[in-house]
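Following: one structure in structure tokens, then a few remarks.
By convention in this document, chain letters (A, B, ...) are assigned in the order of the sequence lines, proteins followed by strands, and residues within each chain are numbered from 1. Because the structure is predicted, anything quoted here is derived from the model rather than measured.
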There are 2 protein chains.
Amino acid sequence: MENKPVTLKLIAKELKLSISTVSKSLKDYPRIKESTKQRVKELAARLNFTPDVSALRLRDRKSRIIGIILPNLSDHFFTRSIYGMEQLATTHGYNIIISQSHDNYEMEVMAAAALLGSRVDGLIVAISKQTADFAHLDRFEKIGIPVVYYTRNPSFNLNCHKVLSNTHQGCYMATEYLINRGHKKVAYLGGPKMVNFSHDRFSGYINALKDNNVAFNAAHVAYTDFDEENNLMAIKNLFNDYENSPTALVAFKEKLLFDTLRFLKSVDHPAYQSLECIGFGNDPIIAYLSSSPIASIEENPELLGEQAVSLVVKLINGEIDVNAYKKVIVNCNLKVHEAS
Amino acid sequence: MENKPVTLKLIAKELKLSISTVSKSLKDYPRIKESTKQRVKELAARLNFTPDVSALRLRDRKSRIIGIILPNLSDHFFTRSIYGMEQLATTHGYNIIISQSHDNYEMEVMAAAALLGSRVDGLIVAISKQTADFAHLDRFEKIGIPVVYYTRNPSFNLNCHKVLSNTHQGCYMATEYLINRGHKKVAYLGGPKMVNFSHDRFSGYINALKDNNVAFNAAHVAYTDFDEENNLMAIKNLFNDYENSPTALVAFKEKLLFDTLRFLKSVDHPAYQSLECIGFGNDPIIAYLSSSPIASIEENPELLGEQAVSLVVKLINGEIDVNAYKKVIVNCNLKVHEAS
DNA sequence: TTGAAAGCGGTACCAT
DNA sequence: ATGGTACCGCTTTCAA
């Protein structure tokens with residue numbers, strides 16, 4: 001039961017060698033006597049010597065850390081993203097530090113400050129829904145730390161590197177798929193309207209209508225934030241006109257479809273049995289639902305995460321000019337569910 | 001567009017002061033002239049000076065980091081745990097580093113090594129399901145870094161600090177609840193049998209039967225790992241005898257109940273309509289299911305996470321003797337669902 | 001009121 | 001083949 005971390009100094013003293021000889025032995029420097037190397041390595045292994053990363057970072061002025069700021073870990077999209085990021089970061093010799101903003105601006109600012117203190121070599125950030133001021137993030141770029149905006153990014157901000165899934169294409173596919181199944185009344189249930197998170201979903205919907213000569217109906221579009229009450233209100237708005245009720249629905253989150261179906265069932269809405277709907281997600285729970293979406297727009301969070309790491313690493317290495325703003329877009333898949 | 005991180009040295013040069021004066025100014029040392037302090041603080045703020053944490057850690061020989069190793073982030077139990085850990089760690093002035101083992105032994109060993117290099121002040125670990133050798137974790141305790149085993153812990157290892165939810169009590173409550181509703185044939189569907197993760201669920205089930213004078217029937221007990229195929233097999237085993245089919249079921253994971261209900265429905269099993277079941281979880285998705293558990297055994301991951309941090313911090317501070325092994329048990333709640 | 005210097009752990013250049 | 005030393009950024013004691 002020792003009590004102090006094992007350092008080179010300790011090993012040196014034990015073996016009556018200098019610190020530099022110990023260091024060189026462990027790194028297999030050529031001009032160290034073989035027998036010395038053996039003695040050092042043996043003791044180091046026995047004591048479980050692990051170099052102090054703080055010391056290494058201080059010396060190298062390189063942390064080999066990529067900072068990640070995400071809204072939360074409850075959303076599977078983000079935890080799956082982390083998996084992809086972790087994988088690719090490791091192959092490039094980087095570690096990641098994960099911070100959650102909990103969709104709160106102040107926490108995001110604090111997380112950014114902490115990562116700055118950790119001297120991360122690069123930053124990947126999915127901004128909180130409150131974020132309107134970007135000073136805390138611009139700070140990184142000012143001192144030469146590349147920032148990649150992930151998934152959520154304000155549309156007005158063109159001067160940044162971004163990695164997004166192609167929600168435009170996703171919505172287009174879904175809408176067209178429903179139209180091709182004969183639907184003329186395809187509704188759209190969108191996310192927070194003000195902040196234009198990610199690529200434009202709504203325009204995918206609209207374009208699919210137009211390209212397929214289906215009339216647009218303003219009554220068939222509603223928006224909601226992530227609040228339960230508002231979700232229900234939006235749903236009611238879409239379906240309150242029984243005469244002219246939608247027969248199909250595209251929603252920006254699958255959960256909204258579950259809510260919709262439950263609501264329609266609860267009020268015995270005539271559209272309940274026949275409504276065909278598609279949303280972003282593909283939650284495995286769909287297999288357990290009695291009435292469920294006919295398809296899902298699948299994003300590829302792992303791939304998206306890898307793309308973000310790949311981009312930020314290239315920026316760190318100077319393989320891409322920091323001022324040549326990149327926009328990486330990953331397409332979605334339409335996953336059609338087997339009839340249950 | 002600068003390019004180097006802001007250091008005390010930079011500020012000192014800019015202001016023609018010594019590094020130590022700058023440092024003291026920022027920390028409001030009493031004997032620095034007020035006007036000097038102002039000049040320093042003003043420039044530091046303007047340049048967004050953030051102390052390099054690596055330098056601080058090196059100097060303090062304290063990282064103020066708690067390392068966390070978890071199997072994965074897909075399980076909401078763990079992400080909710082992280083929330084509690086994060087909260088309490090912050091109030092104690094600690095940061096956390098999260099590592100995933102992906103339930104893989106080698107990855108767990110690597111994560112442990114990395115955390116050792118980060119000189120974490122304490123470690124909280126939910127071991128992978130492969131972990132049988134604990135050398136990589138014992139290493140921490142050997143050099144005086146306290147380790148707290150979280151949720152998953154091998155029952156044979158008594159000489160360790162642990163924080164667990166009281167799955168015995170949870171299963172007991174659930175079983176008794178079903179018995180009190182008149183069930184005589186309460187089945188039990190358990191997890192991996194060999195590795196005794198966490199407090200004993202099965203004994204909770206058995207004790208509830210005994211205390212309520214309900215006969216134990218070996219045919220009403222089955223086990224499965226986390227594998228889909230085996231899940232189905234275990235379910236079939238429980239329900240293949242139509243004559244003597246269980247009328248109620250307690251399962252170690254709620255998802256198994258979903259699988260069970262789906263299976264019974266698919267084969268038109270006579271027990272389908274009447275089966276009352278309870279499992280660990282309380283997934284919000286229950287609200288959307290047509291046939292669903294009548295209650296859930298709720299663990300309290302946030303509280304459990306807080307308890308783990310609280311314990312590890314006390315161990316770090318020497319408020320608890322490292323050799324006086326603590327076992328913290330958090331009770332479960334039985335959450336009865338409204339009839340749908 | 002300010003500054004110089006040592007030291008935290010490690011690396012690498014320069015001596016010997 | 002090995003050791004001495006400077007340095008990374010920061011704090012703190014001691015000296016001026």
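One donor-acceptor pair, N or O on each side, does fall under 3.5 Å between the base of dG4(D) and the side chain of Ser20(A). No donor-acceptor contact under 3.5 Å links the side chain of Lys24(A) to the base of dG10(C).
The pair Arg61(A)-Asp121(A) fails the salt-bridge criterion, with no side-chain N (NZ, NE, NH1 or NH2) lying under 4.0 Å from an Asp/Glu carboxylate O.
With the nearest nucleotide of DNA chain D identified for both Arg59(B) and Arg31(B), Arg59(B) has the one nearer the 5' end. Each of Pro30(B) and Lys27(A) has a nearest nucleotide on DNA chain C; the 5'-most of these lies closest to Pro30(B). Comparing Ser18(B) and Leu58(A) along DNA chain C, the residue whose closest nucleotide (by nearest heavy atom) sits nearer the 5' end is Ser18(B).
With dT2(D), dC8(D), dT2(C) as the choices, the nucleotide that has an atom nearest any side-chain atom of Thr21(A) turns out to be dT2(D). In the set dT11(D), dG10(C), dC8(D), dT11(D) carries the atom at the smallest distance from any side-chain atom of Leu56(B).
Contact check, Arg57(B) against dC8(C): no side-chain N or O comes under 4.0 Å of OP1 or OP2. Tyr29(A) has no side-chain polar atom (N or O) that falls below the 4.0 Å cut-off from OP1 or OP2 of dT2(D). The side chain of Lys9(B) contributes no N or O atom lying less than 4.0 Å from OP1 or OP2 of dC7(D).
Nucleic acid contact for Ser54(A): none, since no nucleic acid atom lies under 4.0 Å from a heavy atom of the residue. If you check every strand for non-hydrogen atoms under 4.0 Å, Leu17(A) touches sugar and phosphate atoms only. Here Ile32(A) lies in heavy-atom contact (under 4.0 Å) with a base.
To the nearest angstrom, C1' of dT12(D) lies 11 Å from CG of Asp60(B). In this structure, Lys62(A) places its NZ atom 17 Å from C1' of dT11(C), rounding to the nearest Å. Counting to the nearest Å, the P atom of dG10(C) and the CG atom of Leu10(A) are 10 Å from each other. Put simply, CZ on Arg61(A) is 14 Å from C1' on dC10(D), counting in whole angstrom units. Protein atom CD1 of Ile19(A) is 22 Å distant from nucleotide atom P of dA1(D), rounded to whole Å. The distance from atom CG of Asp28(A) to atom P of dA1(D) is 14 Å, rounded to the nearest whole Å. Protein atom CG of Asp52(A) is 18 Å distant from nucleotide atom P of dC8(D), rounded to whole Å. One interatomic measurement links the two molecules: CZ of Phe49(A) to P of dG9(C), which rounds to 10 Å at whole-angstrom precision.
Using a 3.5 Å distance cut-off with no hydrogens or angles, the side chains of Glu86(A) and His102(B) do pair a donor with an acceptor.
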Enumerate donor-acceptor pairs with a distance under 3.5 Å from any side-chain N or O in residues 304-322 of chain B to protein atoms, sequence neighbours excluded.
residue: Asn317(B); atom: ND2; partner: Val313(B); partner atom: O; Å: 3.4
residue: Asn317(B); atom: ND2; partner: Glu319(B); partner atom: OE2; Å: 3.3
residue: Asp321(B); atom: OD1; partner: Asn323(B); partner atom: N; Å: 3.1

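Within the structure, side chain to side chain donor-acceptor pair (under 3.5 Å) pairs that include any residue of residues 39-48 of chain A comprise Asp28(A)-Lys41(A), Asn48(A)-Arg139(B) (at least two apart or interchain).
Looking at every heavy atom in both residues, Tyr150(A) comes nearest to Ser81(A) through OH-OG, 2.8 Å.
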